[in-house]
Amino acid sequence: MSFPKDFLWGTASAAAQVEGAWDVDGRSPSIWDVAPKGKIKHDDDCHTTCDCYHLYKEDVARMKAMGLKSYRFSISWSRVVPAEGQVNPKGLEYYSDLVDELLAAGIEPMVTLYHWDLPVWVYKKGDWKYESIVEDFKDYVKAVIEALSDRVTMWMTFNEPSVFVNQGYCRGSMAPFEQQDAETVAKITRNVLVSHGEAVKVIRKYAKKTPKISIAIAAKSYTPVDESSEKSIEWARYMTFEGSTIVSANVWWADPCYLGVIPEPLKGAISEEDIKIIHQPLDYFCFNNYQSYNYTDGKSDYSDDGTKLPKNPNIYPGLPRTAMGWAITPETLYWLCKFFHDRYNLPIMISENGMASLDVVSLDGKVHDPVRCDFIVRYLANVKKACEDGIPVLGYQYWSLFDNFEWAMGFDPRFGLIYVDYRDFTRIEKDSVAVYAEIIRTNGENLPSVEVANKR
Ligand code: BGC
């Protein structure tokens, strides 16, 4: 079988990256709103970005016209709980209206509860470093569930915990721009994981409609250098689940949540009691991925955890890369669907995948993005193969519907299917809108074989 009939063809976004309206209707700032000078490229800020807060009706109409079946968005904690103990009805009303608009357009809302925008008041209280943040997170989640769970069923607790912990607290390249010692990072990890587990319990307890819950991990993928060799495939699988000593490893986050296993370096930070909370039943396995990591640096023979990589004959000077410098490696999606399904035995959701390119408005007033058109077809051909192999894949969420605020890189990278002029919020549909809409209309039937799609 190819794509199932009810496959969720969608796009993904995050509150801080698209909403704007940072101080409107009672919202208080998040750590991204107050980034110190010099930390974000060009000193861009996310105060207004795409203004989806005000333009959501128009935006949903575009999604409907494209034929989208799902829309993944996140909730801004500081819009819902702007100060300790205060729930903001206006903030909840915005999300409730957005959900209504989506459902009226026949689009499944998929809600992420935390996509990196910690409220400043929580940060000041002690951030992910204090244990009782778990209680604050639970209160916030409860408020959201009470307001939306009569209509929303698809929930994700966290987006890419490895990325905000690694970049926010180890490398210092994302808010709150800190470089903490290993012990503090382990403690933060414990608090995030326990918050995940407690959030799952809150959702199950208060949801009015039976929820389907997951956590979106940032998947590091290693693909076989030679797909015809069993040894090469097993090397790729090994590497995909290797690296339990580093915060960005898949198993650091996924094994505690899905298998109840504490990775070795976290044994001092996570207790037996904690792991019981963390290990809650989940309904599907969500992953975000953009590239295969054995191509991250064409020159090095080592992965970032120091493991020697076999010589990759597929790396050559001029290998196609996106505007982020990420290698275009469509096979990554096939292998991740396979490896994650083999290990965790749950239906798969690709909660993010996409690319940034140097998009400009051409003289004809349009935005032509041939590389993205090609990218989408190639990557989706690999998802099709996973479906044909019998792996239950529930959906694919392209990152992102709009160009948006790319965190510390500001507005330079453009990932959207829709171009945004941030001066006046004008939207221009890029050529890839039509390509994706046609794939959706035909339920992926005309996608090429992987032999064609993966050739470069
Ligand atoms: C994040 C998004 C980000 C995208 C592109 C993912 O890591 O979840 O917020 O914009 O990748 O970098």
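We count residues from 1, following the sequence as given. Since we're looking at a predicted model, the values are computed, not measured.
Within the 4.5 Å cutoff, the side chain of L401 has no heavy atoms near those of the S13 side chain. A heavy-atom distance below 4.5 Å is not found between the side chains of E406 and D412.
Scanning all heavy atoms of the two residues, the minimum distance from E19 to T49 falls at N-CG2, 4.0 Å. Across all non-hydrogen atoms, the minimal contact from H279 to L259 is NE2-C, 3.6 Å.
In this pair, W235 and Y222 present their aromatic rings perpendicular. The plane angle is above 60°, beyond the 30 to 60° band. Ring pair Y436/W9 is perpendicular by interplanar angle, where above 60° counts as perpendicular and below 30° as parallel. Y56 and Y94 have perpendicular rings, their planes meeting at more than 60° on a 0 to 90° scale where under 30° would count as parallel. Between F340 and F287, the ring planes are tilted. Angles from 30° to 60° get that label.
Using a 4.0 Å cut-off between charged nitrogen and carboxylate oxygen, D389 and K338 do not count as a salt-bridge pair. With respect to the salt-bridge test (charged N to carboxylate O, under 4.0 angstrom), the residues D6 and K69 do not qualify. Under 4.0 Å is where a charged nitrogen must lie from a carboxylate oxygen, and between E198 and K201 at least one such pair does. Salt-bridge check for R79 with D117: failed, with every basic side-chain N at 4.0 Å or more from each acidic carboxylate O. Salt-bridge annotation for K231 and E234: absent, with no side-chain N of the basic residue lying under 4.0 Å from a carboxylate O of the acidic one. Between E84 and K125 there is a salt bridge, since a side-chain N of the basic residue sits under 4.0 Å from a carboxylate O of the acidic one. Using a 4.0 Å cut-off between charged side-chain N and carboxylate O, D403 and R414 make a salt bridge.
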**Prompt:** Does the pair W253 and V165 meet the rule for a side chain to side chain contact (heavy atoms under 4.5 Å, CB included), with working shown?
**Reply:** CA-CA 11 Å; W253 303 94; V165 175; 3.8 Å; yes

**Request:** Go through the steps to decide whether E273 and K276 satisfy the test salt bridge (charged side-chain N to carboxylate O under 4.0 Å, His left out), and finish with yes or no.
**Result:** CA-CA 5 Å; E273 218 166 281; K276 281 192 201 129; over 6 Å; no

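Partners of Q167 by side chain to side chain contact (heavy atoms under 4.5 Å, CB included), not counting sequence neighbours, listed by chain and number: V163, S173, M174. By the side chain to side chain donor-acceptor pair (under 3.5 Å) test, R456 pairs with Y295, E331, sequence neighbours left out.
Here W407 and W116 bring their ring centres to under 6.0 angstrom of each other. W399 has its ring centre no less than 6.0 Å from the ring centre of Y290. Checked against the 6.0 Å centroid criterion, the rings of W128 and Y114 qualify as a close aromatic pair.
Counting only residues at least two apart or in different chains, salt bridge (Lys or Arg N to Asp or Glu O under 4.0 Å) contacts with residues 183-196 comprise R190-D274.
Atom NZ of K129 sits in a crowded spot, with more than 12 heavy atoms from other residues, nucleotides or ligands closer than 6.0 Å. In K267, the NZ atom is crowded: over 12 heavy atoms of neighbouring residues, nucleotides or ligands sit closer than 6.0 Å.
When only modelled atom types and interatomic distance are considered, D59 and Y71 share no side-chain donor-acceptor pair under 3.5 Å.
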